[in-house]
Amino acid sequence: MTNTSEAGTSEAGTSDAGQSTTQAGRPPIVDLAAWQAARDELLIREKAHTREGDAIAAARRRLPMVEFDGSVKVVGPDGPVSFLDLFQGRDELITYKHMWWDGTPHQGQCEGCTVAAWHLQATEAYLNARGVSLALVTVGAWDEVAPFVEFMGYTSPWYSVLGVDGPVGGDMGYVTSYLRDGDRVFMNYSTTGRGTEAMSGSFALLDMTPYGRGESWQDMPEGWPAGKHACWYWRTDVDGNGTWEGTGRPAPQWTRPGATPETTLGRQGSH
């Protein structure tokens, strides 16, 4: 049997000469200097990615804009107000269009939109400081939306755009930005799907972890855990286990007073 200390291998599995060793289902194990060299190489790609993101943002600011009637009415806690009021006197506004399941209890509301809305709460103070207002809109009737907002503890403004066409209402699941010039209002950008990930910081943090998002679509090192279906952890049961069955709630709901175990999502119709 070989004596590993005589072979010049440390307990961590890295040779004293900095050469890598391997473990089943793991990337190579190296010393700090070798890791830093690999990290510096990846940093070149990360910086290029950042600069390309800056260039895309610059192109986004140059998109043509759509002017529309800012006096259109939406419904909030004070009743009907004009869309212009959502700017709160500022020149810029971002909305998130939250999907809604009509006649559905809190646990059945959209898990993906909960990801977005929950993260957005933390951004409002900084958006406001930069001169940008934030509002969440949904096609649910206000008498259903208001109890949900209260249950979730959301402090950002919410409004019902039931029956309102785009670019104020329309399809949900979008983050949209607007510009105001006096009483004139313009829509300049809108995105959905993975385009909305920018406002949900936990995605970027998970992408820095060894197992990433734990989803099967990801490119993982050979032997790494394969992961589960996309978004599997967005809903959890009372014990914190990811599930999209009737015992699950959108994960943040378990932090809310009055959240109880359930056996059904209670969804009716489509959202």
Side-chain angles (χ1 to χ4, degrees), residues 63-121 123-124 127-128 132-193 195-200 250 252-253 266-271:
L63 282 174
M65 298 191 297
V66 177
E67 185 170 8
F68 62 94
D69 182 6
S71 67
V72 64
K73 299 297 183 182
V74 301
V75 179
D78 298 322
V81 298
S82 74
F83 185 74
L84 268 169
D85 289 346
L86 275 60
F87 284 82
Q88 298 177 320
R90 301 182 179 94
D91 291 338
E92 295 170 275
L93 168 70
I94 288 177
T95 69
Y96 180 70
K97 299 182 177 184
H98 194 291
M99 296 179 183
W100 192 259
W101 293 85
D102 291 329
T104 298
H106 300 332
Q107 72 269 14
Q109 293 303 338
C110 181
E111 51 284 325
C113 290
T114 300
V115 172
W118 194 259
H119 282 86
L120 273 173
Q121 290 188 107
T123 70
E124 186 173 15
L127 292 173
N128 291 172
V132 180
S133 290
L134 172 68
L136 290 95
V137 302
T138 185
V139 290
W142 182 251
D143 61 355
E144 287 191 11
V145 174
F148 174 75
V149 172
E150 182 178 5
F151 168 73
M152 294 298 296
Y154 291 138
T155 57
S156 300
W158 278 67
Y159 298 90
S160 170
V161 292
L162 179 62
V164 179
D165 294 332
V168 171
D171 291 338
M172 297 290 102
Y174 285 76
V175 58
T176 305
S177 63
Y178 307 88
L179 178 68
R180 180 179 70 90
D181 183 3
D183 290 336
R184 298 179 67 187
V185 181
F186 311 87
M187 186 270 290
N188 79 297
Y189 184 72
S190 189
T191 188
T192 190
T196 68
E197 287 186 359
M199 60 187 179
S200 300
Q253 288 194 5
R267 286 178 173 172
Q268 304 176 27
S270 59
H271 65 343

Task: Donor-acceptor pair, side chain of Asn128 and main chain of Val132, under 3.5 angstrom - done: yes
TODO: Indicate yes or no: at least one non-hydrogen side-chain atom of Gln109 is less than 4.5 angstrom from one of Thr104.
DONE: yes
Open item on the list: What verdict does the side chain to side chain contact (heavy atoms under 4.5 Å, CB included) test give for Lys73 and Ser82, after you've listed the backbone C-alpha separation in whole Å, the side-chain angles of each residue and the deciding distance to 0.1 Å?
Closed with: CA-CA 4 Å; Lys73 299 297 183 182; Ser82 74; 4.2 Å; yes
TODO: Locate the shortest heavy-atom distance separating Ser177 from Asn188; write the atom from each residue and the value.
DONE: OG-OD1, 2.6 Å
TODO: Heavy atoms only: give me the nearest Ser200-Ala116 pair and the separation to one decimal.
DONE: OG-CA, 3.8 Å
TODO: Run the salt-bridge test on Arg90 and Glu124 with the 4.0 Å N-O cut-off and return the result as yes or no.
DONE: no
TODO: Answer whether the closest heavy-atom distance between the side chains of Val185 and Phe68 falls below 4.5 Å.
DONE: yes
- [ ] Measure the CD-CD distance between Gln107 and Gln253 for me, rounded to the nearest 0.5 Å.
- [x] 7.0 Å
Task: Check: Trp158 and Val145 side chains under 4.5 Å, non-hydrogen atoms - done: yes
Task: Val168 to Val72 - nearest heavy-atom pair and separation - done: CG2-CG1, 3.7 Å
Task: Beyond-backbone contact of Val81 with Tyr159, side-chain heavy atoms, under 4.5 angstrom - done: yes
- [ ] Return yes when atom CD of Glu150 has more than 12 non-hydrogen atoms of other residues, nucleotides or ligands closer than 6.0 Å, and no otherwise.
- [x] no
TODO: Could you give me the CA-CA distance, side-chain angles and deciding distance for Met172 and Val161, then say whether side chain to side chain contact (heavy atoms under 4.5 Å, CB included) is met?
DONE: CA-CA 10 Å; Met172 297 290 102; Val161 292; 4.1 Å; yes
Open item on the list: Using side-chain heavy atoms (C-beta onward) and a distance below 4.5 Å, is Asp183 in contact with Leu84?
Closed with: yes
Task: Thr176 backbone acceptor or donor facing Ser190 side chain under 3.5 Å - done: no
TODO: Please answer whether the main-chain N or O of Thr196 pairs with a side-chain N or O of Thr191 as donor and acceptor at a distance below 3.5 Å.
DONE: no
Task: Where Gly266 and Pro105 come nearest, the two heavy atoms and their spacing - done: O-CD, 3.5 Å
Open item on the list: Quick one: does any side-chain atom of Thr123 pair with a main-chain N or O of Leu120 as donor and acceptor, under 3.5 Å?
Closed with: yes
- [ ] Identify the two heavy atoms, one from Leu179 and one from Phe87, that lie closest to each other, and give their separation to 0.1 Å.
- [x] C-CE2, 3.9 Å
- [ ] To the nearest 0.5 angstrom, please state how far the CZ atom of Phe148 sits from the OG1 atom of Thr138.
- [x] 8.5 Å
- [ ] Would you please name every residue forming a ring pair (Phe, Tyr, Trp, His ring centres under 6.0 Å) with Tyr96, sequence neighbours left out?
- [x] none
TODO: Check for a donor-acceptor pair, side chain of Glu144 on one end and backbone N or O of Gly103 on the other, with a separation under 3.5 Å.
DONE: yes
Task: Student check: side-chain heavy atoms of Met152 and Pro250 closer than 4.5 Å - done: no
TODO: On the 0 to 90° scale, with breaks at 30° and 60°, tag the Tyr178-Phe83 ring pair as parallel, tilted or perpendicular.
DONE: perpendicular
TODO: Examine distances only and state if a side-chain atom of Thr114 and a backbone atom of Cys110 form a donor-acceptor pair shorter than 3.5 Å.
DONE: yes
Task: Euclidean distance, Leu127 CG relative to Met199 CE, rounded to 0.5 Å - done: 11.5 Å
- [ ] Check whether any side-chain heavy atom of Thr95 sits under 4.5 Å from a side-chain heavy atom of Leu93, and report yes or no.
- [x] yes
Open item on the list: If I compare all heavy atoms of Leu86 with all of Ala135, which pair ends up nearest, and what's the gap?
Closed with: CD2-CB, 3.9 Å
